[in-house]
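Count residues from 1 along the sequence. Nothing here was measured: the structure is a model prediction, and the numbers come from that model.
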Amino acid sequence: MARGLGKYTVSFYILILCNIVIFFNVSAMPNLLNQLIKEFSLDFASASRIIYYYMFAYGISALFVVFFHEILNRYKSLIISMHLIILLNCIIALVRNYQLILICRIWCGISGSIVAPTSLTIIKDLFHETKEEKIGYLFGANSVAGITGTLLSGYFSWRLLFLIPAIMGVIALFLLVALFPRQDLLRCDKRRKMGVKRLLGNYVTIFAQSNHINVFILIFINSFICTGFYSYFGYHLKTYYRLSLLDISYILPLSIIGSILMNFMIGKISRIFSSDRIIQGGFFLLAISLLLFKVSWTWIIVLIMLIFGIARAMIHSMAVSSWLDFPESIRSNASSFNSFIVFLGGSLGVRILPCFFRTAGFTFAAQSIALAIMAISLLSTLAVRLQALSK
């Protein structure tokens with residue numbers, strides 16, 4: 001199949017738009033919680049279900065994306081997913097029943113889990129020679145969408161933050177139907193067929209490789225702590241610092257900006273330091289940022305949030321890249337399992353950590369988590385050194 005850039009340029013932008021629809025309001029959720037709490041007279045625990053229901057559904061569904069590709073095909077999977085995303089976002093924007101909104105968010109997680117992995121596999125086929133560059137652009141677009149949605153959460157009603165991606169989804173769906181090279185994609189799918197039994201066997205192979213278990217544990221811990229903290233921090237800024245939704249909408253994106261800055265630098269850093277060193281450095285910075293959150297000066301939060309985002313990206317980039325070590329035949333399954341770990345850890349973090357923050361107090365809880373991170377980092381370093389000495 002032809003690999004030229006010109007032939008598939010429009011297709012690439014369509015995939016970007018599909019992903020923007022998914023990630024537009026995800027990072028804005030901590031600020032939207034403040035609106036939901038007020039409109040539906042909820043406590044934080046009840047309101048936060050809109051986050052962890054979505055993440056849990058996304059994580060579980062991510063394991064089965066490859067099965068959708070096998071049973072249907074990638075093009076149909078993408079089309080069905082976008083139909084559901086449009087419908088669900090419209091329902092959420094219009095209804096006044098919070099329980100129905102939660103049900104819709106579960107289905108948003110299921111539908112959304114198909115879009116990103118499907119887009120990545122399509123990019124690998126249509127842009128084989130420049131796939132790394134295109135994947136970088138895709139992730140960059142997702143980050144920009146997240147920042148934009150979070151900034152708008154200080155200006156617009158939460159309902160509009162769901163209606164906007166629904167409108168963008170209609171445009172993306174029209175472009176998918178009208179301009180996407182489905183026949184080229186179908187020919188690729190015929191070559192990719194491997195059967196359900198083999199797919200199940202791939203997951204068994206992944207679990208059997210014990211050397212990757214520690215990496216998946218680190219991915220889980222990073223997602224658990226960072227997502228749990230981030231989901232609660234918007235509420236903390238509102239209740240403790242008495243900041244407006246507009247002020248919070250400018251603070252929350254700083255962590256995303258920090259992550260973007262680190263992603264630009266991580267390639268050069270990885271040529272100087274090993275993955276283990278970078279991950280340890282990330283956990284150290286994460287602990288420092290949590291320790292500093294007790295500072296009462298509002299302006300220092302800007303620096304802390306940047307450090308928080310940098311630390312999160314250091315850990316995530318190095319740990320997640322480990323799935324590339326798997327053979328090509330099981331790499332898609334490893335990627336799906338990685339998404340499962342990330343979103344499972346995040347959903348549990350959103351469910352558990354805010355309870356700890358409210359019960360123990362924000363400062364004490366943040367300091368306790370920071371000390372636990374440092375202890376885990378030191379123990380892992382000691383374990384590696386002891387293992388090296390035993391050899």
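Expressed to the nearest 0.5 Å, how far OG of S255 lies from CD1 of I310 amounts to 10.5 Å. A distance of 10.0 Å separates CD1 in I164 from OG1 in T148, rounded to the nearest 0.5 Å. Atom OH of residue Y230 and atom CG of residue L252 lie 4.5 Å apart, to the nearest 0.5 angstrom. Separation of atoms CZ (R358) and CG (D43) is listed at 7.0 Å; rounding is to 0.5 Å. The distance from atom CG of L348 to atom OH of Y52, rounded to the nearest 0.5 Å, is 10.5 Å. Atoms OG and CG, on S111 and L78 in that order, are 11.5 Å from each other to the nearest 0.5 Å.
Looking only at side-chain heavy atoms (C-beta outward), F362 and F233 come within less than 4.5 Å of each other. When side chains are defined from C-beta on, M168 counts as touching F24, because their heavy atoms get closer than 4.5 Å.
The two residues V115 and S81 have their closest heavy-atom pair at CG2-OG, 3.2 Å. The minimum heavy-atom distance linking P354 with G349 is given by the pair CD-O, 3.2 Å. Here the closest heavy-atom approach between residue I315 and residue N222 is recorded as CD1-OD1, 3.5 Å. Of all heavy-atom pairs between L353 and F224, the closest is CD1-O, 3.5 Å. The nearest pair of heavy atoms linking P117 to V65 is CB-CG1, 4.0 Å. Residues S231 and L33 approach most closely at O-CD1, 3.8 Å, considering heavy atoms.
Aromatic ring pairs are classed by plane angle as parallel below 30°, tilted from 30° to 60° and perpendicular above 60°; the pair F357 and Y232 is parallel. Ring-plane geometry between F308 and F229 is classed as tilted, the angle between the planes lying from 30 to 60 degrees on a 0 to 90 degree scale. Taking the six-membered ring for Trp and thresholds of 30 and 60 degrees, Y98 and F40 have ring planes inclined between 30 and 60 degrees apart. Between F44 and Y235, the two ring planes are tilted [angle within 30° to 60°].
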Before you tell me yes or no, could you show the steps for I110 and L84 under side-chain contact (heavy atoms from CB on, under 4.5 Å), namely the whole-Å CA-CA distance, both residues' side-chain angles and the distance that decides it to 0.1 Å?
CA-CA 9 Å; I110 295 171; L84 287 172; over 6 Å; no
Let's go through I101 and W158 carefully: what are the C-alpha distance in whole Å and the side-chain angles of both, what is the deciding distance for side-chain contact (heavy atoms from CB on, under 4.5 Å) to 0.1 Å, and is it a yes or a no?
CA-CA 12 Å; I101 290 173; W158 66 270; 3.6 Å; yes
Please assess I122 against F180 for the test side-chain contact (heavy atoms from CB on, under 4.5 Å), listing each intermediate value before the final yes or no.
CA-CA 11 Å; I122 292 173; F180 207 77; 4.0 Å; yes
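Remark: the R312 side chain and the T227 side chain contain an N/O donor-acceptor pair separated by less than 3.5 Å. Side-chain contact of Y241 with D247: a donor-acceptor pair under 3.5 Å is absent, judged by distance alone. Using modelled atom types and a 3.5 Å distance limit, the side chains of H69 and S77 yield no donor-acceptor pair.
M318 is connected to F264 through a chain of hydrophobic side-chain contacts under 4.5 Å among Ile, Leu, Val, Met, Phe, Trp and Tyr, so both are in one cluster. Residues I307 and I278 fall within the same hydrophobic cluster, defined by Ile, Leu, Val, Met, Phe, Trp and Tyr side chains chained together at heavy-atom separations under 4.5 Å.
The only member of N25, N34, N31 that meets side-chain hydrogen bond (donor to acceptor under 3.5 Å, both in side chains) when paired with S153 is N31.
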